[in-house]
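The structure appears right after this line, and notes come after that.
We name chains A, B, ... by the order of the sequence lines, and we start the count at 1 in each one.
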Amino acid sequence: MDAVIQLENLQVKLGSRLILDHLNGALSGKCIGLLGPNGSGKSTLINTLLGFYPPLAGRVRIFGKDVQENLRELRAQIGYMPESDAFIADMTGVRFVRFMAELSGLPKGEAMERAHEAFFQVGLGEARYRKLGTYSLGMKQLAKLAQAIAHGPRLLLLDEPTNGLDPEARQRMLQLVRDIRDTGEVRVLISSHLLHDIEECCDEVIILKEGKIAALCNLEEERKANLKFLELEVTNENGFLESVRDLGCECASFGAGRLKIVLPDNIEVRQLYKLAVEHSVQIRRMNYRRDSLEDIFLKAMMNGATPAPAGQKALSHGRL
Amino acid sequence: MAVYKRSYKAYSGALTPAWSRFTVLTRYGLGRLFDSRMFTAYTVFCFLPLLAGLVFIYFVHSSAAQMVLGVKFGRQPLINNEFFLGFLWIESWLGFILVAWAAPGMISKDFANSSIQLYLSRPLSRAEYLVGKVSVLAALLSCTTWIPALILFGVQAEMQGNGWGWDNLWIARSIVVAGLLWIALMSLLSMALSVWVKWRIAATALFFGVLFFMAGFGVAVNQILRTRWGWLLNVPQMIFIVWRALFRVPLSWVELHRDTVPLWSAWASLLAICAFSLWLLNRRLRAREVERA
């Protein structure tokens, strides 16, 4: 799949602080998650993608085009939903979205039609003639999404889309993002500090830490690679661990009989049972477990930021 | 696509020309202003001097009308450069109220609600954003200042005949230059102040303050320092000095005996205000604030 966003030795400095430090990588997922703790540079990266901040060094490409050199063209293809409130309080919802669509270059008639469509799509059809200032927080978030999609962008940048939403509204927002992603007509980049949101929507994730890429991995591949990742709880180890290793499995003991094992393709689970019998070990619990995004995130935070060369994954598939 | 088809679809149709995007801001800006009946009524009121001017020109040139009213205008030409200067001065201050009403809300709301980032995330530069907003004020002020004055000039030229229009073409030029100077000054100053003060009422108060309280401060400077350069802080006075020169109206007896500043310094102070306003706008008109460590 072609890269949507390419970061080439990107450095961004704001004031005297270096916020993004030598970012390298190619993001090509349908839905890309941008993760990181507060102050890690997520919003700065989004603002750099939008051309708000010029890079100190390096460059960013979107759809293969340099952002700074093709700003106007690229902005016409981007839909942006900011994290903070951004609206015109005394305008009706549909007029606001139409206005934004016209600024993106749509003719009046088309803008009006697509503004109505966008409002129905996000589920605010009945409230579209109300003034934005009267909307609840959840409705404002949806209106922000409507203005971001009304002009039919090829890339959607969503900055904390579920911020401040109750669980029901949050699920609705995530479902909308998935629906948009599944049309295949738009690539989505979601910035969030909520791992669950990213895990539900994204197939690729970039994790920032202190302005550097701490991890960049394809979640789909990660999930496939961890199909034979087992968690075991046994009564005693009695040489069982060594025998499992002799089979060719990667394994680790976490004490109190808790083991983690990665089975290679040629090893069946029943062989573990045989070994357990041979070593008189009782298997009390066995779970297939995949590396969750939380594991990947925590691992990235513990490992520290390791800048990855262009095109290379900063973190390989989850291992023990 | 109909509204019941509730799935995302990319847009692949025609786009409007890139150069015309700022006009969307202008159109919506004017639309929002004229949503207010009060504003619409006041805008209509601003055209009353034009109506009065037209009636006056008609009476000056119509002996029958003068007979009906029982008045007789002397031979001295009443419709001259001083007439147009006076007309423009009245219209400009009516226009000033329009600007004080419209400008703060137009731009400070974008900052108060952070919608500026939505504008600038689209194919619209900061300069185009500013041009779009200034065009709203320029359109309003044009309709209430130099355009009505030119209409009067045309009517006078037509009724007077005998090549009056050609002989006094410099007055038309002065009307346009004076009008554009007023528009540039008022638009940029009001925008710059609105950008820095996000609260609409405060922005309006500051706008009045800069124009009138600064004048008082200038007088105080003159008195305390025994100088005349305090006049440079009096923006209306500086505008009047420049306009009077443009319309070739001589100084009055009072002004001849009062220390005033030279014409070049009046021009320089007005241009400096425009430049300073642009600098303020350039500093503030950004999608994102950068906090310097």
task: Answer with side chain, backbone, both or neither: which region of A:Lys108 has an atom nearer than 4.5 Å to a non-hydrogen atom of chain B?
output: side chain
query: Using non-hydrogen atoms only, which part of A:Ser104 is less than 4.5 Å away from chain B: side chain, backbone, both, or neither?
result: both
- request: Would you mind reporting whether B:Tyr8 and A:Asp179 have side-chain heavy atoms less than 4.5 Å apart?
  value: no
query: Quick one: does A:Arg114's side chain have a donor or acceptor within less than 3.5 Å of a partner on B:Lys9's backbone?
result: yes
message: Under 4.5 Å from any heavy atom of chain A, what part of B:Ala14 do you find: side chain, backbone, both or neither?
response: backbone
message: Between B:Ile116 and chain A, with a heavy-atom cut-off of 4.5 Å, which part of the residue counts as in contact: side chain, backbone, both or neither?
response: neither
field: Part of B:Arg27 lying under 4.5 Å from any heavy atom of chain A
entry: side chain
Region of A:Asp182 in contact with chain B, defined by heavy-atom distances below 4.5 Å: neither
message: Consider side-chain contact (heavy atoms from CB on, under 4.5 Å). Of A:Leu50, A:Leu103, A:Leu157, which one does B:Ser121 pass it with?
response: A:Leu50
- line: In terms of heavy-atom contacts, B:Arg32 and A:Arg95 come closest through N-NH2, 4.1 Å
field: CZ (B:Phe276) with more than 12 external heavy atoms under 6.0 Å
entry: no
- line: residues 60-78 of chain A vs chain B, non-hydrogen distance cutoff under 4.5 Å, contacting residues -> A:Arg72, A:Arg75, A:Ala76
- line: When the 4.5 angstrom heavy-atom criterion is applied to A:Arg98 and chain B, the contacting part is both
field: Per-residue contacts, residues 124-134 of chain A versus chain B, heavy atoms under 4.5 Å
entry: none
- prompt: Nearest 0.5 Å, what's the CG-CE distance between B:Leu118 and A:Met100?
  reply: 5.0 Å
message: One pair to check against side chain to side chain contact (heavy atoms under 4.5 Å, CB included): A:Phe96 and B:Tyr28. What are the steps and the verdict?
response: CA-CA 10 Å; A:Phe96 169 69; B:Tyr28 275 82; over 6 Å; no
message: Would you say that more than 12 heavy atoms from the other residues, nucleotides or ligands in this model lie under 6.0 Å from the CZ of B:Phe212, or not?
response: yes
- prompt: Heavy atoms, side chains only, cut-off 4.5 Å: are A:Leu106 and B:Thr16 in contact?
  reply: no
query: Which one of B:Ala18, B:Gly132, B:Ser20 has the most heavy-atom pairs closer than 4.5 Å to chain A?
result: B:Ala18
message: Between B:Ala10, B:Ser114, B:Ser115, who has the most heavy-atom pairs with chain A when the cutoff is under 4.5 Å?
response: B:Ala10
More than 12 heavy atoms of other groups within 6.0 Å of B:Trp93 CH2: yes
- request: Compare every heavy atom of A:Glu102 with every heavy atom of B:Arg21, then report the nearest pair and how far apart it is.
  value: CD-O, 4.0 Å
task: Tell me, yes or no, whether the heavy-atom count around B:Phe217 atom CZ, taken from other residues, nucleotides or ligands under 6.0 Å, exceeds 12.
output: no
statement: The interface call for A:Met81 against chain B, heavy-atom contacts under 4.5 Å, is neither
message: Is there a side-chain contact between A:Glu83 and B:Gln117 in this structure, where contact means two heavy atoms from C-beta onward sitting under 4.5 Å apart?
response: no
- request: Check the surroundings of atom CZ in B:Phe47: do more than 12 heavy atoms from other residues, nucleotides or ligands lie under 6.0 Å from it?
  value: yes
